[in-house]
Amino acid sequence: MVIFYGLLGGILYALAQTSFLTYLHPDLKFIFVFLLFQTYLTFNLAQLGLKNEGEKFIPFQMISLTIRFILSVVFIGFFAYIHTPNLVLFVSNFFVLYLCSTNFEIFGLLRNLRRF
């Protein structure tokens, strides 16, 4: 996870230094930190499911995905409530990063589910 988010942060920093800056929202740092925190929280929750030989892995994983989705909706709702400028760009940047991080977690989930 650390390597993935380190690479993603490096790519975002490099994009911010180029002419692609017009496609990046000024609050992209908040999105990145939020998704990093959210991944850490849901990863630790899923690890609780691996205790006792993975007896409750699948329910804990589903709970963590649900929490991830609800937190994401609340996050976007908060920024919409405070009238963030260029909300469409904000939401599109959020969902691109959300799908990247979720895709990474889904591959990990599929790898772990093969053991059950």
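Below, each value reflects all heavy atoms present in this structure, side chains not excepted, and no hydrogens, waters or symmetry copies.
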ask   = Do T39 and R68 pass the side-chain contact (heavy atoms from CB on, under 4.5 Å) test, and can you show the C-alpha distance, the side-chain angles, and the key distance before you say yes or no?
value = CA-CA 8 Å; T39 300; R68 183 177 197 58; 3.2 Å; yes

I'd like to know whether F95 forms a side-chain contact (heavy atoms from CB on, under 4.5 Å) with I76, so could you lay out the CA-CA distance, the side-chain angles of the two residues, the decisive distance to 0.1 Å, and finally the verdict. CA-CA 10 Å; F95 277 116; I76 291 174; 3.9 Å; yes

Practice task
On the 0 to 90° scale, with breaks at 30° and 60°, tag the F94-F34 ring pair as parallel, tilted or perpendicular.
Solution key: tilted

inquiry  = Within a 6.0 Å radius of atom CD1 on I82, are there more than 12 heavy atoms belonging to other residues, nucleotides or ligands?
reply    = yes

Has [X] got a side-chain atom pairing as donor or acceptor with [Y]'s backbone, closer than 3.5 angstrom?
X: T102; Y: L99; answer: no
X: N93; Y: H25; answer: yes
X: D27; Y: T84; answer: no

Any chain of hydrophobic side-chain contacts (each under 4.5 Å) joining [X] to [Y]?
X: F37; Y: I3; result: no
X: V88; Y: V96; result: no
X: Y23; Y: L97; result: yes

Here the gap from L45 atom CG to Y40 atom OH, rounded to the nearest 0.5 Å, amounts to 12.0 Å

Closest heavy-atom pair, S101 versus F4, reported as atoms and distance to 0.1 Å, is CA-CE2, 4.0 Å

Note: L24 and L28 closest approach over all heavy atoms is CD2-CD2, 3.8 Å

- Is it true that the side chains of Y98 and S72 contain a donor and an acceptor less than 3.5 Å apart? no

